> 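Quick one: this structure, given as structure tokens, is what I'll be asking you about.
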Amino acid sequence: MLIKINIEKCTGCATCVNVCPFGAIIIKEDKAFITESCTLCGACVESCSEGAIIDARDKEVEKPKDFKGVWIFAEQSQGKIASVAYELLGIGRKLADELKSELCAVLFGNSDEVQELIKWGADKVYYVNSPDYICLDDELYSKTLVKLVNDYKPEIMLAGATAIGRSFIPRVAAKLRVGLTADCTGLEIDKETGNLLQIRPAFGGNIMATIVSPNSRPQIATVRPRVMKRGEYNPERKGEIIEVEPLKPSGRIKILERVEDTSFCKVNLQDAKVIVSGGRGIGGPEGFKALWELANLLGGTVGASRAAVDEGWIPYAHQVGQTGKTVCPKLYIACGISGAVQHLVGMQSSDIIVAINKDPNAPIFNIATYGIVGDVKIILPLLIKKIQEGVS
Ligand code: FAD
Ligand code: SF4
């Protein structure tokens, strides 16, 4: 908190209470106290005749020293731990090893898979096992995570850039008054300072920005599913599970019903092993027929660039990229896709990338494992025929 009360000087006169437009100052035991509602607007600073309000907003803050360890938030849905949690453990393990510190996971709700977190790399799991935590309750989740952070002081906190992570992690960062870098595509440790280098596309994906939070702890970052690779699985790995006392929900949020968005989930791009994607170069909605045929032959599914989605050739649920899904299949076949950076950030960690494009200078060839220069309308039928011959 960068606006503070000097308790020694405060007389409890309550002048500042009436000045604060956000009702963020309360009087407790005859002293002013700034609550979580403070927006740092600074309206109170001049109001105190005793000079008891300290404004440190523009001052250099010394890096807190007693924060240690890397934490990941392991989200679950109906008891099943999300795949992104294991991916976060993969990168978390690397960061923790580099910092020579421990890797901890935080799990809310109820799950039979707690031990899996240890087998995938966690040294400890802070487990709040309570029915109140089974579904996301933003208030309860953020309050509990803030309490855990204040009690144990991790240096780094990672979470999935998922519906759950995006919903409550910003509250955690705001309550702790620390920074948050969303949708990171790379995370590294600065060898000199030990700061977390949080790398993500910026300015519409035109540059890759490296963001640091040198003066506050924990350093909080979210990562989209499928961006990081899982670490090593060791069924013999041992760790500690620490049961954490649940907090009471405020009751202001009630889950009335859970409705799955099946239209989005049916297109299971994120778990597909093979994706055949089409861009503007396939020429129209009928161009997707050949893509489906090839995808079906290879046991995969169909993706698309934003240009193809914007043209209305295929629904948004198929879009790959910065504003679509991030995918990491074993095989990604890009058909008539130029390779704009916004598309690449969603698929460049695929194991094998095959690009078909009639322009030999298309940027997609810079990241392709195999490139075919030619017209998709000619190449795709040939490819399908060859695979059919091989299959039959
Ligand atoms: P184009 O760039 O038009 O490329 C078509 C390609 O097809 C060309 O390389 C051409 O040589 C080739 N071609 C043409 N005809 C043939 C043929 N007969 N045979 C073979 N090749 C052929 N894009 C995404 O994909 N996903 C996103 O999530 C996304 N998010 C964005 C977010 C922001 C904020 C912004 C600003 C942009 C975003 N974009 C995204 C858009 C992105 O910048 C590109 O415009 C888009 O990816 C281009 O799609 P495309 O490659 O299909 O089309
Ligand atoms: Fe209230 Fe603004 Fe002072 Fe914060 S800085 S306590 S919001 S008046």
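Residue indices begin at 1 and follow the sequence shown. Since this is a predicted model, take the numbers as computed values, not measurements. In each ligand, atom 1 is the first atom listed, and ligand 1 is the first ligand listed.
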> Kindly confirm or rule out a cation-pi arrangement of Lys153 over Phe67, judged by NZ or CZ under 6.0 Å from the six-membered ring centre and within 45° of its axis?
yes

> With a 4.0 Å cut-off, would you call Glu98 and Lys94 a salt bridge?
no

> By number and element, which atoms of ligand 1 are closer than 4.0 Å to a non-hydrogen atom of Gly374?
19 (N), 20 (C)

> Heavy atom to atom 24 (C) of ligand 1, shortest distance: which of Arg280, Gln319, Arg306 holds it?
Arg306

> Compare every heavy atom of Ala32 with every heavy atom of Cys10, then report the nearest pair and how far apart it is.
SG-N, 3.3 Å

> Over 60° means perpendicular and under 30° means parallel, so tell me whether Tyr152 and Trp71 are parallel, tilted or perpendicular.
tilted

> So, are Asp183 and Arg224 salt-bridged, with charged N and O less than 4.0 Å apart?
yes

> Which option, Asp359, Asn357, Leu380, owns the non-hydrogen atom nearest atom 8 (C) of ligand 1?
Asn357

> Under 4.0 Å from a heavy atom of Gly321: which atoms of ligand 1 are those, numbered in the order shown and with their elements?
26 (N), 27 (C), 28 (O)

> Report yes if some N/O of Gly336 lies less than 3.5 Å from some N/O of ligand 1; otherwise report no.
yes

> List ligand 1 atoms under 4.0 Å from Gly279, heavy atoms only on the residue side.
52 (O)

> Should Val376 be counted as touching ligand 1, given the test is an N or O pair under 3.5 Å?
yes

> For atom 20 (C) of ligand 1, which of Glu311, Lys358, Gln322 has the closest heavy atom?
Lys358

> Sort out for me which residue in Asp271, Val327, Leu269 forms a side chain to side chain contact (heavy atoms under 4.5 Å, CB included) with Arg226.
Asp271

> Which Ile, Leu, Val, Met, Phe, Trp or Tyr residues join Leu256 in one cluster when any pair of side-chain heavy atoms under 4.5 Å counts as a link?
none

> At less than 4.0 angstrom from any non-hydrogen atom of Asp375, what atoms of ligand 1 do you find?
17 (C), 18 (N), 19 (N)

> Looking only at N/O atoms, are Val320 and ligand 1 under 3.5 Å apart anywhere?
yes

> By number and element, which atoms of ligand 1 are closer than 4.0 Å to a non-hydrogen atom of Gly324?
28 (O)

> Which other residues belong to the hydrophobic cluster containing Ile26, where Ile, Leu, Val, Met, Phe, Trp and Tyr are joined when side-chain heavy atoms lie under 4.5 Å apart, directly or via other members?
Phe33

> Go through ligand 1 atom by atom and flag the ones less than 4.0 Å from a non-hydrogen atom of Ala340.
42 (C), 43 (O), 44 (C), 47 (O)

> Heavy-atom distance to atom 17 (C) of ligand 1: which of Pro201, Gly281, Gly278 wins?
Gly281

> Can Lys386 and Glu389 be counted as an ion pair, charged N to O under 4.0 angstrom?
yes

